[in-house]
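In each ligand, atom 1 is the first atom listed, and ligand 1 is the first ligand listed.
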Amino acid sequence: MDPIDTSIFELFKIGPGPSSSHTIGPMVAGGEFIKAVQDLGPELLARASRVQVRLFGSLSATGEGHGTDRAVMAGLLGQTPETCPPEFLDGLADKDAAHNLSLPGREIALRAQDVIFDSVEHDFPFNNTLVIGLLDPDGKALFERQYYSIGGGFIHWEGRIPPKRGAPAHPYATMRGLEKIIIERGLSLNQVMLDNETAISGLPRPKIVSGLRRMIRVMDQAVARGLKADGVLPGPLGLARKAKAMFAHYRSCPQSRGRLMLALDACAFAVAEENASGHTVVTAPTCGSAGVIPACLYVMRRIMDLPEENLVNGMLAAAAVGLIVKRNASVAGAEVGCQGEIGVAAAMAAAMLAQAAGKPLKIVENAAETALEHHLGMTCDPVAGYVQIPCIERNAMGAVKAYNAMLIACSEAGNQHLVGLDQVIRAMAATGRDMSDKYKETALGGLGVSMVNC
Ligand code: SF4
C-alpha cells in the first residue's frame, strides 16, 4: 500500500461552512475550472457565452441547504475557501443578480440559474459530482470537466496531476505501520508527524508549528463567536442558537458535576452553529464535524490547564488518526455516513486528548479506537439538507464521547484493549459500503425523512 503523503494542512483547512464536501470542495472546483479555462485558445474563448454547473448525487439532494450553489459560484468568481468572506456568499443569494466572471480578455455573466441541481442517482464514480462546462450561445459545451468532491474539501478530477510533493521521511499507511516505525526508529509520534510534513510539503518545523497554532486560533475564534451569537440559524427549520445559553449555564454552576460536559457541549454547539451559519471554521476532519476538536481544545486549556505546546502535540496525534482514516476509508458523510465525520472527529479528538496528556502511543491509539468504535454505523441524515439537525448536537455528543474514550483508554492497560484502530477503520469502511445511499448525506432517510413527514 502506498504511504500516506497528504499534508496535515490538507486535512485541517480553513473555510466556510456548512459542509466541506458541499462548500469548500465545490468552491475549490470552481476555482480549478477557471484555471483550466485559461489554457483554452482565444478562438474557443471568444465563442464562450456562459458557464453551467450541474450538481449530482448528494450535492443535488442537499446542495441547496448546504449552499453549494453559492460556493461553486464564489469559486468561479475567484474566491478561495480560506479568504472568502461570509458576506460575499450572502451576496450571491439574489437569484436574479448577474455577476461578472472573468475569462482571459473578457467577462461573461454568471447567474444563480447557471447552477443546476441535477439527478441524485447517477453513474459517476463518486457520489458528490459536479460537471462544469463552458458553453457557446447555443448551449453546446466548448469545454467540460467532471469534478468529484470526495470529502473534507478534497477535490479530484479525471486527468488531475497531483501537486508535486516529497515522499514521507517515515512511510506508513496504517496505525500498525506507524507504530512499527516509531518503535524501530526510536522516534516519538510528534517527530514522525513533523518529519513527514517537512518531507511532504517542504515546510520547516517552525512553520508547521505556527500553522497548527493558527488552526487552533481559528478554532478558538469560532468558539468565541458562537458563544456570543444569538438568534435563529438560516434555513426553514427555525432552529435557535443554543451555545450562548449553554455557556451561561456552564459559568453559573462552578461546582456542578456536569461542568466539564457543559463546557464541551457549549463549545461544540458554538462552532457547529457558526458552521451552520456558513461562517469560517476549520475542517476537523470536515465542516459538519468541526465542533468536536475545538470543544476538546477548550477543555484542555481551561479545565485540564494544559499549555499551548501540549495542544500542538495533541493536534499532531489528531492529524495522524485523521490521515490514517482518510487513506483507508473515508471522512465524507456522502461516502460512509456520519461515522466518517463525527465518528472520525471524535477519534481524532480522543487521540489529541491522550497525546496532550502525555500518554504512551498505545493509549493514544486505544482512545481513538474506542471513540470511533462507538460511532460505527451512524448514518448521515440531515433534516431538510441543512447541517443543523442532527449535526449540531452530534458535535457535542462526539466531543463527550471523545473525552470518555480518553478516560477509558487511560484506565486500562494498553495491552488489555483488544480492538485495534486499523480494525475499526476497516469495519467503518465496510459498514459505509453496505449503507444505503439514503443514509449518505442525501436527506432521503432517517431523521431527514421521519422529521419531515410527521
Ligand atoms: S449528519 Fe453527520 S455527516 Fe451528515 S451532514 Fe450532519 S454532521 Fe455531516
*N275 and T280: side-chain contact (heavy atoms from CB on, under 4.5 Å), yes or no, with the steps?*
CA-CA 7 Å; N275 178 61; T280 303; over 6 Å; no
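Both tests hold for K326 against F154: distance to the six-membered ring centre under 6.0 Å, angle to the ring axis within 45°.
Aromatic pair F56/F124: ring centres closer than 6.0 Å.
The NE2 atom of H249 sits 5.0 Å away from atom CG of L262, with the distance rounded to the nearest 0.5 Å.
By the 30° and 60° cut-offs, the orientation of the rings of H156 relative to F126 is tilted.
Using modelled atom types and a 3.5 Å distance limit, the side chains of T286 and T283 yield no donor-acceptor pair.
For atom 6 (Fe) of ligand 1, the count of nearby protein N/O/S atoms, taking only those under 2.8 Å, is 1.
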